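Computed from a predicted model, the values in this text were never measured in an experiment.
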Amino acid sequence: MSHILVINSGSSSLKYSLYDMTSETEIGHGLIERIGGAKGQVSHSTLVSADATGNAVEQTMKSDRPIADHAEAFGVMLEQFDAHGPSLETHAPVGVGHRVVHGGARFFAPTLVDERVEREIGELAVLAPLHNPANLAGIIAARAIFDTVPHVTVFDTAFHQTLPPAAYTYAIDAQLAAEHRVRRYGFHGTSHQHVSAAAAEFLGRDIADLRQIVFHLGNGASVTAIDGGRSVDTSMGLTPLEGLVMGTRSGDLDPAALLHLARTADYTIDDLDVLLNTRSGLKGLTGHADMRDILQGLETGDETAQLAFDVYVHRLRAYLGAYLVQLGGVDVIAFTAGVGENAVRVRAEALATLGFLGVEVDPERNASSERGTRRISSDASTVEVLVVPTDEELEIARQTYSLV
């Protein structure tokens with residue numbers, strides 16, 4: 001009995017994975033999208049075998065159907081496991097792990113779910129209104145179905161609970177900040193924790209001896225300074241809006257710009273929220289939220305794409321420089337997530353100015369299509385530069401299994 005079911009419940013989606021923890025193998029997974037819409041989309045994959053190189057060979061089934069809510073989505077998930085495998089009777093989970101975005105300052109470790117935990121996740125929705133309500137809906141629906149096994153919440157913010165006060169404190173009225181829980185929390189913690197541990201394992205080094213800077217670059221993006229396996233600074237703040245330039249989010253911005261727009265353009269609070277979260281970042285600069293479109297624009301000489309790319313890289317370098325100083329040097333720089341794992345030019349340009357520190361990216365290694373954790377720095381580089389695929393679901397499964 002060593003199977004763990006991992007649930008990542010979004011506002012209109014349900015992502016799930018079933019792991020055999022004896023080998024840490026994902027034996028089934030799926031994605032249900034457009035929940036609440038007229039035409040939901042269902043994709044379910046089952047591990048069939050492994051090829052000669054050890055890569056998973058999967059069988060995937062896709063279908064469309066209306067799915068009213070998350071409770072119905074869980075019913076669809078059970079149907080997929082029943083029809084296509086693996087059987088949840090012969091591979092019964094001993095625990096269910098849930099991703100929750102915001103744990104505030106209350107949750108700093110994997111936590112067994114009970115009514116109090118559900119209530120507090122709901123209360124923290126004010127800090128993550130797009131994420132926590134959906135996460136909670138998934139927990140409630142899953143507990144109703146898997147009512148005989150423990151459920152565990154793993155929080156995106158938990159890894160950053162080691163931030164020192166100097167890193168998490170904002171310089172605003174202290175009493176007001178305390179009353180409304182205004183501080184830096186940080187996000188993508190599950191990914192940063194997984195990648196930093198995987199980097200140490202790849203190098204055969206004790207994580208306690210490493211100073212690492214990890215770039216999680218996807219549609220959402222963050223960077224974290226990690227000293228001896230502990231997060232000591234990170235780019236996202238009270239919400240996942242602060243920090244790097246992202247697909248549709250602005251990242252760092254002078255707060256007075258919002259006051260200016262409110263006064264001169266009659267923008268309401270809701271207007272500003274939409275602007276910063278859905279009409280900014282790469283999309284705001286170019287009309288495209290996907291880095292692949294930006295890179296394609298560079299190839300055709302698109303000046304708008306060039307500016308967006310330059311702004312994106314400028315912000316990466318600014319945080320890299322800051323964290324080099326905070327850590328007093330660095331042993332490992334790692335890139336992960338969709339952009340970090342696949343955008344050769346982003347990695348090269350982000351580190352292009354670090355030659356004075358002896359950091360050197362090998363062009364052939366960087367351009368390699370090899371998958372898995374790999375070194376892209378040259379043999380002469382003073383710092384190890386790695387590409388490390390993130391696996392947040394596996395990390396959630398590990399933390400859930402360790403608890404149950």
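The backbone N or O of Val385 lies less than 3.5 Å from a partner atom in the side chain of Ser377, making a donor-acceptor pair. The closest donor-acceptor contact from the side chain of Asp273 to the backbone of Asp270 lies at 3.5 Å or more, if one exists at all. Judged by distance alone, the side chain of Ser43 and the main-chain N or O of Gln41 form no donor-acceptor pair under 3.5 Å. Between the side chain of Arg347 and the backbone N or O of Asn366 there is at least one donor-acceptor pair closer than 3.5 Å. Side chain of Arg315 to backbone of Gly243: a donor-acceptor contact under 3.5 angstrom is found.
Here Glu115 does not pair with Arg119 in a salt bridge; the nearest charged N to carboxylate O distance is not below 4.0 Å. The pair Glu79-Arg65 meets the salt-bridge criterion, with a side-chain N (NZ, NE, NH1 or NH2) lying under 4.0 Å from an Asp/Glu carboxylate O. A salt bridge does not link Arg205 with Glu384: every distance from a Lys NZ or Arg NE/NH1/NH2 to an Asp or Glu carboxylate oxygen is 4.0 Å or more. Between Glu242 and Arg249 there is no salt bridge, since none of the side-chain N atoms of the basic residue sits less than 4.0 Å from a carboxylate O of the acidic one. Asp331 has a carboxylate O that lies under 4.0 Å from a charged side-chain N of Arg211, or vice versa, which qualifies the two as a salt bridge.
With values rounded to the nearest 0.5 angstrom, Met246 atom CE is found 9.0 Å from Asn277 atom CG. Taking CD from Glu179 and CG from Asp173, the interatomic distance works out to 9.5 Å, rounded to the nearest 0.5 Å. The CG atom of Asp82 lies 8.5 Å from the CG atom of Leu78; values are rounded to the nearest 0.5 Å. A distance of 11.0 Å separates OG1 in Thr300 from CG in Leu295, rounded to the nearest 0.5 Å. Between atom NE2 of residue His180 and atom CG of residue Leu238 there is a gap of 12.0 Å, rounded to the nearest 0.5 Å. Separation of atoms OG (Ser196) and CG (Leu210) is listed at 9.5 Å; rounding is to 0.5 Å.
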Problem - Full working for ring pair (Phe, Tyr, Trp, His ring centres under 6.0 Å) between Phe187 and His160 - result: CA-CA 8 Å; Phe187 298 88; His160 302 299; 7.9 Å; no
>> Run the side-chain hydrogen bond (donor to acceptor under 3.5 Å, both in side chains) test on Ser280 and Ser250 for me, step by step, so that the C-alpha distance in whole Å, both residues' side-chain angles and the decisive distance to 0.1 Å come before the verdict.
In response: CA-CA 5 Å; Ser280 295; Ser250 65; 5.0 Å; no
Q: Please lay out, stage by stage, how His3 and Met21 fare under the test side-chain contact (heavy atoms from CB on, under 4.5 Å).
A: CA-CA 6 Å; His3 296 92; Met21 297 307 295; over 6 Å; no
_Pair Leu351, Phe335 - check side-chain contact (heavy atoms from CB on, under 4.5 Å), show working._
CA-CA 11 Å; Leu351 305 183; Phe335 292 88; 3.9 Å; yes
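A donor-acceptor contact closer than 3.5 angstrom links the side chains of Asp252 and Tyr319. At a cut-off of 3.5 Å, with distance as the only test, no side-chain donor of Thr390 or His216 sits close to an acceptor on the other residue. Side-chain contact annotation: Thr60 with Ser45, donor-acceptor N/O pair under 3.5 Å present.
Evaluated for a side-chain contact (heavy atoms from CB on, under 4.5 Å) with Val387, the options Glu370, Arg375, Arg374 yield exactly one hit, Arg374.
Residues Asn135 and Val101 have side chains in contact (heavy-atom distance under 4.5 Å, counting atoms from C-beta outward). Contact check for Lys62 versus Val42: no side-chain heavy atoms found under the 4.5 Å cut-off. The closest side-chain heavy-atom distance from Val332 to Ile213 is not below 4.5 Å. By the 4.5 Å heavy-atom criterion applied to side chains, His98 and Val154 are not counted as neighbours. Proximity of Tyr19 to Thr25: side-chain heavy atoms (C-beta onward) are nowhere separated by under 4.5 Å. Annotation: side chain of His192 is in contact with side chain of Ser222 (closest heavy-atom distance under 4.5 Å). Residues Leu244 and Leu316 have side chains in contact (heavy-atom distance under 4.5 Å, counting atoms from C-beta outward). With a 4.5 Å cut-off on side-chain heavy atoms, Val113 and Ile139 count as touching.
Around atom CZ of Arg365, more than 12 heavy atoms belonging to other residues, nucleotides or ligands sit under 6.0 Å away. Under a cut-off of 6.0 angstrom, the local environment of CZ in Arg292 is sparse, with at most 12 non-hydrogen atoms contributed by other residues, nucleotides or ligands. Counting heavy-atom neighbours within 6.0 Å of Phe108 CZ, excluding the residue itself, gives a total of 12 or less. Within 6.0 Å of CZ on Arg34 lie no more than 12 heavy atoms contributed by other residues, nucleotides or ligands. Atom CD of Gln306 sits in a crowded spot, with more than 12 heavy atoms from other residues, nucleotides or ligands closer than 6.0 Å. The local environment of CD1 in Ile269 is sparse, with at most 12 non-hydrogen atoms from other residues, nucleotides or ligands closer than 6.0 Å. Heavy atoms of other residues, nucleotides or ligands lying less than 6.0 angstrom from CD of Glu201 number 12 at most.
By the 6.0 Å and 45° rule, Arg345 stacks over the aromatic ring of Phe309. In this structure, Arg184 fails the cation-pi test against Tyr168, since its NZ or CZ atom is not both closer than 6.0 Å to the six-membered ring centre and inside 45 degrees of the ring normal.
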For residues 392-402, dump all side-chain donor-acceptor pairs below 3.5 Å to protein atoms at least two apart in sequence or in another chain.
unit_1 : atom_1 : unit_2 : atom_2 : d
Glu393 : OE2    : Lys15  : NZ     : 3.4
Glu395 : OE1    : His194 : ND1    : 3.3
Glu395 : OE2    : Gln399 : NE2    : 3.2
Arg398 : NE     : Glu24  : OE1    : 3.1
Arg398 : NE     : Glu24  : OE2    : 3.0
Arg398 : NH2    : Glu24  : OE1    : 2.7
Gln399 : NE2    : Gln193 : OE1    : 3.2
Thr400 : OG1    : Ile396 : O      : 2.8
Ser402 : OG     : Arg398 : O      : 3.4
Ser402 : OG     : Gln399 : O      : 2.8

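Heavy-atom minimum distance, Pro133 versus Ala128: CD-O, 3.5 Å. The heavy-atom pair separating Val383 from Val359 by the smallest distance is CG2-CG2, 3.7 Å. Considering every non-hydrogen atom in both Ala198 and Val388, the closest pair reads CB-CG1, 3.7 Å. When all heavy atoms of Ala352 and Arg317 are compared, the pair lying nearest together is CB-NH2, 3.7 Å. Contact record, Leu18 with Pro86: CD2-CG, 3.7 Å, taken as the closest heavy-atom pair.
By the 30° and 60° cut-offs, the orientation of the rings of Phe81 relative to Tyr16 is tilted. The aromatic rings of His151 and Phe146 lie tilted to each other, with the angle between the two planes from 30° to 60°.
A ring-centre distance under 6.0 Å is found for Tyr185 and His102.
Under the salt bridge (charged side-chain N to carboxylate O under 4.0 Å, His left out) criterion, Glu360 pairs with no residue, sequence neighbours left out.
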